[in-house]
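When reading the values below, keep in mind they use all heavy atoms of this one structure, side chains included, and skip hydrogens, waters and symmetry mates.
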Amino acid sequence: MSPNVTAAPGSTAVPAEAVAPLTRGITVLRRLTEADGTASLSGLERASGLARSTVDRITATLARMGYVRLDGRDAVLAPRLMELGNAYLAALRLPELLHPHADALADELDESVSLAVGDQDGIRFIHQATRRRAMSLSFRIGDLLPVERTAPGPLFATEWDAAEWQRWHERRAADPEDRGFPAVPARSRPLEDDDRGEETSGRRRGVTLGDDFEERTAAARERGWALDDQLIEPGLVALAVPVRDPDGRIACVVSVVSHTSRHTAAGLRDALLPRLRTSVAAMERELREAPPAEPAPPAGPAGLAAWTGASKQELGREFVESLARGLTVITSFGEGRSELTITEVARATGLARATARRALITLEHLGYVTAHDGVFRLTPRVLGLGFPALSRTTLPDVAAPHLAALSQRVHESASLAVLTGDEIRYTALFTTSRVMSVNITVGTRLPAYATSLGRVMLADLPDPRLPDPSGLVARTPRTVTDPAELRAVLDRVRRDGYALVDGELEEGLRSIAVPVRERGGRVVAAANVALHSSRRTPEECVEDVLPELFATASRIEADLHIAGRFRKVPRA
């Protein structure tokens, strides 16, 4: 098989109807994911085995789709790519239904809690409820781990047939050091009995990590739970229990992850197994009682055929139309659309049935969909297309490229800030090359009442918190310090949707700001443009800058809503 084909393990020869550009595009996305989201174009050429011209065309297409950002000679994964993984998670429904239980369990135990699904002879995490500690014990959502080095793995293996066990043996023989699993440390040492505690005492010295997997699977089948006693890396221990669907099959596995400074593996089991089982019972009840999902609109662009046609006309041969259409097939799945026929996929995407069929054949060959009786389903492998690298994206990460573009368009400084009590804190900032420019750095704190950024965020609060009147200090003669007048200003900001502050923070400094809202509509940050008053009048700020600022906020929100669909995006 040529190096540019990324077929699923154990797959047969490439089908005659497979779409080669789609296969190559997925190869590039996988290589970018393995590079933690950023790679040079020449590096992608080497890693993928594709010609440089092919890499250029693929990245240009992905950039057009909003899936990557071209930054000089580098390609960078963009938050919008997460809509592929979101399609799988929405179709699965487990994160939406079970995450409240996982989060509550993590709060109660003060330990990290994860939900995982099986992906052939590996596992992938679909939800993480982590604890804020110096020793952080979590993997990224979508990371692929070998089953034999995890707590959930033996539980999933209890449902394997002979062919699945054979595939596992072949993979272990072909990759004895786990080089195909970049999310975990390679197998670098034999595991001595003294390292493992009572669960493995008496086993022969020098057992390699995971070589007792069949024994652990048999024990998991008998006990109904499984342990990871430092199989991934020294110090990490985990306890796992399966969550079964109404048919009795394992839907996912919930695990509690800790550190040996707090628990031994046996101690973790003794202390937490009863509480974990109680939480699993509540999760299984949730799965039994949940009403059927109402189909939501597909995530992909409406009028896909027209959009790709227009993109092809504009970009010419640099736009790979079949790649764009093939990836959008993935987004036709989602909540209430976990199983689709070829006809349903064609209807959801606007593609010709033959085009949808070829894309599905290709995705099935690569392991991203499965087919049974003419019905297709997404597999967990879809999460491997950028989701791990993007799953820790912060709000400043999301906003940065949009603010940079805004600053370039208006030739002024652009910023993002969050509200912390009575102050704002700058989390992203882009300045222009001027002799006189706004001199503020990331992390700077300023009083919210005297800034456009702060007023936008204060205006969103049901009952805006204003400092004690003694705290309303006049920074300049123009600063509003009267509480009644300031409340009237906030009412106007709430009505107009923006704030303009002219010389109230500093003489000669003029700024205009708009809110940035998360999913659900709550304001989580504000974006602004700041400039010297000699360059634009207040009226020109409203007429020329405000439309650009609103457009930028909309772009940030669109990416934020995708990135925050199944996870909480950190504000900083």
Is a donor on one side and an acceptor on the other found under 3.5 Å between the side chain of [X] and the backbone of [Y]?
X: D228; Y: A238; value: no
X: T349; Y: V329; value: no
X: R124; Y: I141; value: no
X: D121; Y: P146; value: no
X: R149; Y: D178; value: no
X: T33; Y: G386; value: yes
X: H365; Y: I361; value: no
X: R216; Y: E148; value: yes
X: T362; Y: V19; value: yes
X: S338; Y: G334; value: no

Heavy-atom closest pair, residues [X] and [Y]:
X: D175; Y: G180; result: OD2-N, 2.8 Å
X: L44; Y: A75; result: CD1-CB, 4.1 Å
X: T331; Y: T328; result: OG1-O, 2.7 Å
X: T394; Y: V569; result: C-CG1, 3.7 Å
X: G37; Y: A389; result: N-CB, 3.8 Å

Any heavy-atom pair between the side chains of [Y] and [X] that's under 4.5 Å?
X: L32; Y: V68; answer: yes
X: L239; Y: W225; answer: yes
X: T552; Y: R555; answer: yes
X: V398; Y: I556; answer: yes
X: S48; Y: V55; answer: yes
X: V113; Y: V254; answer: yes
X: T370; Y: E364; answer: no
X: V117; Y: V253; answer: no

- [ ] Output all residues satisfying side chain to side chain contact (heavy atoms under 4.5 Å, CB included) with P401, sequence neighbours left out; order by chain, then residue number.
- [x] R69
TODO: Any chance you could lay out the side-chain contact (heavy atoms from CB on, under 4.5 Å) test for L395 and T427, step after step, and finish with the verdict?
DONE: CA-CA 9 Å; L395 177 54; T427 58; 5.9 Å; no
Task: Side-chain H-bond candidate by donor/acceptor type, H101 with E286, under 3.5 Å - done: yes
Summary of salt bridge (charged side-chain N to carboxylate O under 4.0 Å, His left out) pairs that have at least one residue in [range], sequence neighbours excluded:
range: residues 153-166; result: E159-R244, E159-R249
range: residues 36-61; result: D36-R140, R52-D56
range: residues 343-362; result: E17-R357
range: residues 556-572; result: E335-R565

- [ ] Look at E314 together with R64 and state whether they make a salt bridge at an N to O cut-off of under 4.0 Å.
- [x] yes
Task: Short N-O contact, R167 and E170, less than 4.0 angstrom - done: no
- [ ] Quick one: sort the W165 and W160 rings into parallel, tilted or perpendicular, breaks at 30° and 60°.
- [x] perpendicular
Open item on the list: Before you tell me yes or no, could you show the steps for S42 and S40 under side chain to side chain donor-acceptor pair (under 3.5 Å), namely the whole-Å CA-CA distance, both residues' side-chain angles and the distance that decides it to 0.1 Å?
Closed with: CA-CA 5 Å; S42 57; S40 66; 3.2 Å; yes
Open item on the list: According to side chain to side chain donor-acceptor pair (under 3.5 Å), does anything in residues 87-97 pair up with another residue at least two apart or in another chain? List the pairs.
Closed with: none
Task: Worked check of side-chain contact (heavy atoms from CB on, under 4.5 Å) between L340 and R377 - done: CA-CA 7 Å; L340 297 176; R377 296 178 65 98; over 6 Å; no
- [ ] Run the numbers on H99 and Q128 for side-chain contact (heavy atoms from CB on, under 4.5 Å), then give the verdict.
- [x] CA-CA 8 Å; H99 87 264; Q128 294 271 14; over 6 Å; no
